Amino acid sequence: MTSTPHPAHRIPTGSPGSSISRRGLSRLAVGGAAAIGATAAVDGTALAAPPSVRPGPGGGSGLVNAGFTDELSGWSVSGAPSAASVGAGGPTGDRRPDVLRLEPTDGAEVTARQRVQLGRGRDTVLRARVRAGGEGGAALELRTRGRVHRTSVPVTGDDGLWLDLAVGAPEARGTLEVSLTVTGRDGAWAEFDDLELEAGAVERSVRGVDLSGVPKNEAHGAEYTTADGSAAVDPVEVIGAHGANLGRLRVWVDPADGYCTPEHTLAMARRIRAAGMDVLVDLHYSDEWTDPGAQHVPAAWAGLDADGLVTAVAEHTRRTLTLLREAGVDVAMVQVGNEINPGMLWPLGQTWDVDESDDVAGAQWENLARFLTAGSRAVTEVYPDAAVMLHLTNIHDGIDGLTWWLDEAQGRGVPFDLIGLSYYPYWHGTLADLQEAVAVLGARYDRDVIVVETAYPFTLEDDPRVPYPNIVTEETPLPEGYPATPSGQAAFFRAVQDVTVSAAGGHGRGAVYWEPAWTAVEGAGWDLHDPASGNAWENQAMFDHEGRALPEVLAELR
């Protein structure tokens, strides 16, 4: 995470059955529920028929007037005629001449539809360039075989850039109806361009959660219940039952509070596997939080030279993973380092001079590459099929900073299989910035990309029973269209997932929600050295201040 002036505001990080291997990750399918867009039975509402039905992918021209160069030819519109128009659209600097704009009045709905004949069954994807504003309410829909597949259009705002968005219909056949819809509420509008139907699938194959803090929270009295508060629940089981398929766990070497050790990781990994999720191990190579503002050497490794640190990294990685393997726990992915833009194991592994007063000057890329390679090779030694991830953040600083880093690592032969990114909208820019990073990095390095950290508030209120200043408050600039409410939290989490997997090139795999069970309890604060420290994160959990599950955001794990 990005550092802020207050130390507590630099909170860093840290399919049921078989593991996600490095060989199988890119083609993983987690059933129909993983496809972009919820699938629901048709409600029986009569539809306005478009003027004709045309051949689809593999059978002819597909969509007619998909770029709206001929006004609304080929499309039928239901709703007020004035709510649908074609003209120039988009933000300053990226205006397009022929864009469909749907803008109904409050309480009304407008839909543009077209039907395509697919013939034989095939997985089909609709892609489009989109923008939206107001409180949202826009969607891409595919209707076939009595089912509707729907993806909401993320809110970008008036000045927001275009996003790529996709919705998939598995085993679509016969007549496929394409719908572009906006439901009018609080000034909702949307613009659409460059629609395309293609054979294939778009899947959120990673729907993850970071559950590292659960043991400490539980040990200090945290209680979790159903949404109505009527029954106690296990947070790991509840999250798994709602559709999460990956659990992330950070590992510290010798933390002051005794949590997030290899032994605690084993116990939590067992719970995650029992709940039907795969395991992602997040190795920090420190005794405490690591992020762009802190990458400190563990106390036990102090004084080691670069050769000694290479050995320590390999041994720590090997020991942690062997503990899991010998206990029969499968591991799908392993992070070698956490948010390592500035390197790790400072100062010998720094990528810039983080402390000009020490005796190590300038970047130490050769050392860092050796540390990362030692960790990566140790992962492969213990779990040959586990995917090795390199984790970066600060995408708001520009794509050049990320490609510079990965070029340096790749040029020195660091072996890795995945790219992990952190994305918090109050620090890391827009959804367009995120999507650009996923698309560019995926294409440039031919690696899949996962957002391994994201979160959003369900309220701006602090828990009054355990008062401690939250990171996200009323002063925090939140993106348009996503209020700090349970529904706003859910919509934003889904938007991050959909923007990631819709990125050009198909390298985006999904997202991991950071610490959804870190509620406020005495003693389970952020500072490992201070039991009295508080939790600055509880208003971004998936459980409210009373410990009740928030069904809206949990539903977005399906």
Side-chain angles (χ1 to χ4, degrees), residues 1-2 12-14 20-28 164 203-208 210 246 248 250 278 280-284 290-292 332-344 351 365 368-369 371-373 375-376 379-380 386-424 428-429 431-454 496-497 499-512 514:
M1 295 188 181
T2 302
T13 56
I20 309 172
S21 72
R22 68 177 67 190
R23 300 183 185 91
L25 185 74
S26 63
R27 58 180 183 275
L28 176 70
D164 291 313
E203 297 164 332
R204 293 178 297 125
S205 59
V206 171
R207 304 183 308 281
D210 189 312
L246 183 71
R248 181 176 184 249
R250 63 177 168 269
D278 283 314
L280 163 57
V281 176
D282 173 17
L283 296 164
H284 283 230
T290 58
D291 63 19
M333 310 174 198
V334 180
Q335 281 182 227
V336 180
N338 186 82
E339 295 190 333
I340 52 177
N341 302 55
M344 66 184 193
T351 58
W365 270 106
L368 177 59
F371 301 158
L372 296 173
T373 298
S376 179
V379 172
T380 303
V388 175
M389 178 187 295
L390 299 181
H391 175 200
L392 302 175
T393 184
N394 290 357
I395 66 175
H396 62 294
D397 286 340
I399 194 67
D400 290 348
L402 302 178
T403 56
W404 159 77
W405 197 101
L406 288 164
D407 283 353
E408 294 282 358
Q410 185 169 260
R412 290 170 172 82
V414 174
F416 68 101
D417 307 295
L418 295 169
I419 298 169
L421 296 174
S422 292
Y423 176 69
Y424 300 96
H428 298 144
L431 289 167
D433 294 328
L434 170 62
Q435 189 166 77
E436 178 194 22
V438 174
V440 171
L441 299 181
R444 186 180 183 100
Y445 304 102
D446 193 22
R447 303 293 201 282
D448 284 349
V449 182
I450 301 171
V451 177
V452 290
E453 291 188 31
T454 192
V496 170
Q497 297 178 74
V499 163
T500 299
V501 300
S502 296
H507 284 286
R509 308 313 303 161
V512 177
W514 196 73

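None of the values given here were measured: they were computed from a predicted structure.
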*asked:* I need the minimum non-hydrogen distance between Pro415 and Thr373, along with the two atoms involved.
replied: CD-OG1, 3.7 Å
*Determine, step by step, whether Ile419 and Asp448 satisfy the side-chain contact (heavy atoms from CB on, under 4.5 Å) criterion, reporting the C-alpha distance in whole Å, the side-chain angles of both residues, the deciding distance to 0.1 Å, and the verdict.*
CA-CA 6 Å; Ile419 298 169; Asp448 284 349; over 6 Å; no
_Holding to side chain to side chain contact (heavy atoms under 4.5 Å, CB included), I want the full list of residues that pass it with Ala504, two or more places apart in sequence or in another chain._
Asp164, Ala439
_Can you list everything that forms a side chain to side chain donor-acceptor pair (under 3.5 Å) with Asp397? Sequence neighbours excluded, please._
none
*Quick one: list whatever passes side chain to side chain contact (heavy atoms under 4.5 Å, CB included) with Thr351, sequence neighbours left out.*
Pro342, Trp365, Leu368, Trp404, Trp405
*Using a 4.5 Å cut-off on heavy atoms from C-beta on, say whether the side chain of Leu280 contacts that of Gln335.*
yes
_Gap separating the CG atom of Asp407 from the CZ atom of Arg412, nearest 0.5 angstrom_ = 10.5 Å
*Looking only at non-hydrogen atoms, find the nearest pair between Val449 and Val438 and report the distance.*
CG2-O, 3.9 Å
*Drop me the distance from Arg248's CZ to Met389's CE, to the nearest 0.5 angstrom.*
8.0 Å
*Which pair of heavy atoms, one from Ala511 and one from Val496, lies closest together, and at what distance?*
CB-CG1, 4.1 Å
*Residues two or more places apart in sequence or in another chain: which of them pass side chain to side chain donor-acceptor pair (under 3.5 Å) with Asn341?*
none
_Run the side chain to side chain contact (heavy atoms under 4.5 Å, CB included) test against Ala437 and tell me which residues pass, sequence neighbours left out._
Ile395, Ile399, Leu402, Leu421
*Nearest 0.5 Å please: distance from the CG atom of Leu441 over to the CD atom of Glu436.*
9.0 Å
*Nearest atoms (heavy-atom pairs only) where Val501 meets Gly510*: CG1-N, 3.7 Å
_Looking at every heavy atom in both Leu418 and Phe416, which two are closest together, and how far apart are they?_
O-CD1, 3.6 Å
*Donor-acceptor pair, Thr454 side chain versus Tyr423 backbone, under 3.5 Å?*
yes
*Which pair of non-hydrogen atoms, one from Val512 and one from Val452, has the smallest distance, and what is that distance?*
CB-O, 3.5 Å
_Just by distance, no angles: are the side chains of His428 and Ser422 close enough, under 3.5 Å, to form a donor-acceptor pair?_
no
*Arg447: partners by side chain to side chain donor-acceptor pair (under 3.5 Å), with sequence neighbours left out*: none
*Output the distance between atom OG (Ser205) and atom CG (Leu246), rounded to the nearest 0.5 Å.*
10.0 Å
*For the side chain of Asp417 and the backbone of Val388, is there at least one donor-acceptor N/O pair under 3.5 Å apart?*
yes
*Take Arg250 and Asp282, measure what salt bridge (charged side-chain N to carboxylate O under 4.0 Å, His left out) needs, and give me the verdict at the end.*
CA-CA 4 Å; Arg250 63 177 168 269; Asp282 173 17; over 6 Å; no
_Between Met344 and Thr290, is the side-chain contact (heavy atoms from CB on, under 4.5 Å) condition met? List the steps._
CA-CA 8 Å; Met344 66 184 193; Thr290 58; over 6 Å; no
*For the pair Val206 and Gln497, evaluate side-chain contact (heavy atoms from CB on, under 4.5 Å) and give the outcome as yes or no after the intermediate values.*
CA-CA 9 Å; Val206 171; Gln497 297 178 74; over 6 Å; no
